[in-house]
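Structure first, then comments.
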2 protein chains.
Amino acid sequence: MNVSTKPAEHRRLTGKGQATRARILEQAAELIYANGVHATNNEQIRRATGISGSQLNHYFSTKEKLVLAVIEWQAERVLAVHRGEQFDSFDSIDAFRRWAAFYVGYERAYREGCTLGSLASEIIKTDLNVRDELASAFGQWREIFRDGITEMQRRGRMSADADPTQLANLLLAAFQGGMMLAQVAQEIGPLDDALRAAIDHLETFATDESAG
Amino acid sequence: MNVSTKPAEHRRLTGKGQATRARILEQAAELIYANGVHATNNEQIRRATGISGSQLNHYFSTKEKLVLAVIEWQAERVLAVHRGEQFDSFDSIDAFRRWAAFYVGYERAYREGCTLGSLASEIIKTDLNVRDELASAFGQWREIFRDGITEMQRRGRMSADADPTQLANLLLAAFQGGMMLAQVAQEIGPLDDALRAAIDHLETFATDESAG
């Protein structure tokens with residue numbers, strides 16, 4: 001389904017322009033992640049990327065536009081991981097267990113937290129008008145889980161009693177909250193526990209078919 | 001168990017000093033909550049409280065000390081709610097349902113989010129040395145849930161198969177993650193779903209005793 005036929009502004013850039021834009025975004029995302037939106041300014045981005053102020057202004061004329069693009073960039077990254085082949089469109093309990101193991105086993109996980117969740121927590125407080133962008137990113141993430149659970153129901157692997165949206169919200173909340181608690185505790189335990197228990201709950205709806 | 005016999009510095013203040021200190025904390029907490037730690041400065045706090053710079057400095061000589069005290073203040077508030085009579089020390093599934101209903105029904109919930117979680121998400125990125133304080137606050141919160149579940153097991157209301165720490169981490173993560181998702185979505189649904197499903201999971205361990 002095409003929700004918009006208007007091409008994003010940056011798709012009209014040349015190859016070289018796209019590369020420069022990507023370089024700015026990568027550095028800006030890193031700086032914003034490390035220091036927060038408030039503490040990140042043009043001067044730091046210019047120093048990190050080695051590009052001029054007028055060039056930076058050419059790609060992102062306002063801080064709001066830059067932050068919007070960083071959200072889009074982080075969202076694309078996290079959604080791409082979830083849409084990767086390794087998780088089989090989340091069509092089995094095993095796929096969810098692999099997903100949990102992936103994040104729990106990722107050594108930088110509790111130091112970094114979820115890049116998108118971390119950005120969201122900070123931006124919620126600012127005047128930047130980027131809430132729609134964040135809502136869309138988390139909406140797509142929730143949809144990946146919900147579609148997987150619905151597909152399991154369609155294949156008879158999961159009871160019709162399961163509420164796919166409710167379970168998707170549990171999984172996403174356990175991930176985001178677990179990441180935050182793991183960062184605070186400086187150990188992965190809270191994330192591991194939260195994901196394990198959330199997937200255990202999902203499994204209470206599994207049918208005998210799901211084992212086959 | 002006494003973990004420390006050293007009285008907190010502010011307990012040595014006179015009644016009037018305590019009141020002034022509380023007034024500063026309340027305003028600082030409000031400002032930090034609304035604008036973030038970065039964007040909150042002494043000038044704003046002086047204006048909001050009407051006290052002088054030297055007085056402010058008398059109570060909180062550094063920003064780190066002020067932020068530490070704000071965390072302690074927010075933690076005391078949220079822990080006091082959880083220790084209140086209305087939740088019966090979380091010794092039944094019903095008590096957990098009442099807790100979820102309390103936060104889901106609280107009209108400012110998704111606009112405000114969890115004050116402590118919101119503060120934690122921001123502070124994790126700063127150089128302020130306040131992580132121990134945050135870890136202790138979330139540790140006590142987790143303990144309230146864990147103790148309730150352990151008590152349910154002791155009374156035979158919950159199966160010995162339930163892992164109290166794991167379930168406490170699920171509940172706390174569902175709350176924190178659900179709050180963040182509700183703020184992003186601008187509606188309470190994600191929090192409601194996450195808490196409902198987490199408590200449903202808790203209930204899968206309930207025994208027949210728990211109904212009586």
Side-chain angles (χ1 to χ4, degrees), chain A residues 32-39 111 113-114 117-118 120-127 131-132 134-139 141-142 162-163 165-187 189-198 200-202 204, chain B residues 32-39 111 113-114 117-118 120-127 131-132 134-139 141-142 162-163 165-187 189-198 200-202 204:
Chain A
I32 286 175
Y33 181 74
N35 309 316
V37 173
H38 261 301
R111 251 166 291 169
C114 167
S118 161
S121 298
E122 190 190 355
I123 287 177
I124 281 169
K125 291 190 194 179
T126 68
D127 294 333
R131 215 183 287 256
D132 289 350
L134 277 176
S136 156
F138 283 107
W141 196 341
R142 181 182 298 120
D163 177 337
T165 300
Q166 191 189 70
L167 292 170
N169 272 321
L170 174 68
L171 289 156
L172 194 50
F175 181 82
Q176 293 296 332
M179 272 289 184
M180 192 272 268
L181 294 171
Q183 279 184 289
V184 167
Q186 294 273 285
E187 51 114 3
L191 179 69
D192 191 11
D193 276 357
L195 292 183
R196 235 176 249 278
D200 283 351
H201 186 55
L202 194 62
T204 63
Chain B
I32 287 176
Y33 181 75
N35 308 315
V37 173
H38 261 300
R111 250 168 290 168
C114 167
S118 160
S121 298
E122 190 191 355
I123 286 178
I124 281 168
K125 291 190 192 178
T126 68
D127 295 333
R131 215 182 288 257
D132 290 350
L134 278 176
S136 155
F138 283 107
W141 195 341
R142 180 183 298 118
D163 178 336
T165 300
Q166 192 190 69
L167 292 170
N169 272 321
L170 174 68
L171 289 156
L172 194 50
F175 181 82
Q176 293 295 332
M179 272 289 185
M180 193 270 270
L181 295 170
Q183 279 185 288
V184 166
Q186 294 273 284
E187 53 116 3
L191 178 69
D192 191 12
D193 276 358
L195 292 183
R196 235 175 250 277
D200 283 351
H201 186 55
L202 194 64
T204 64

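Residue numbering restarts at 1 for every chain, and letters A, B, ... go by the order of the sequence lines.
Both the backbone and the side chain of A:L172 come within less than 4.5 Å of a heavy atom of chain B. Neither the backbone nor the side chain of A:L202 comes within contact range of chain B; no heavy atoms are under 4.5 Å apart. The contact between B:A120 and chain A is made entirely by side chain atoms (from C-beta outward), counting heavy-atom distances below 4.5 Å. In this structure, the portions of A:A197 lying under 4.5 Å from any heavy atom of chain B include both its backbone and its side chain. Using a 4.5 Å cut-off between heavy atoms, A:T165 contacts chain B through both its backbone and its side chain.
Across all their heavy atoms, B:A173 and A:A174 have their closest contact at CB-O, 3.9 Å. Across all non-hydrogen atoms, the minimal contact from A:M180 to B:S121 is CG-OG, 3.9 Å.
Shown here are the side chain to side chain donor-acceptor pair (under 3.5 Å) partners of A:D132, two or more places apart in sequence or in another chain: there are none.
Put simply, NE2 on B:H201 and OG1 on A:T204 are 7.5 Å apart, with the number rounded to the nearest 0.5 Å.
Contact count versus chain B (heavy atoms, under 4.5 Å) is highest, among A:L134, A:D163, A:D193, for A:D193. Of the listed residues (B:D192, B:L181, B:L171, B:L167), the one with the most heavy-atom contacts under 4.5 Å to chain A is B:L181. Looking only at heavy-atom pairs under 4.5 Å with chain A, the residue among B:A198, B:A137, B:G177, B:G178 that has the most is B:G177.
Checked options B:Q166, B:Q176, B:R142; the residue passing with A:P190 is B:R142 (criterion: side chain to side chain contact (heavy atoms under 4.5 Å, CB included)).
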| query | Given B:L170 and A:L170, is the side chain to side chain contact (heavy atoms under 4.5 Å, CB included) satisfied, shown in steps? | reply | CA-CA 9 Å; B:L170 174 68; A:L170 174 68; 4.1 Å; yes
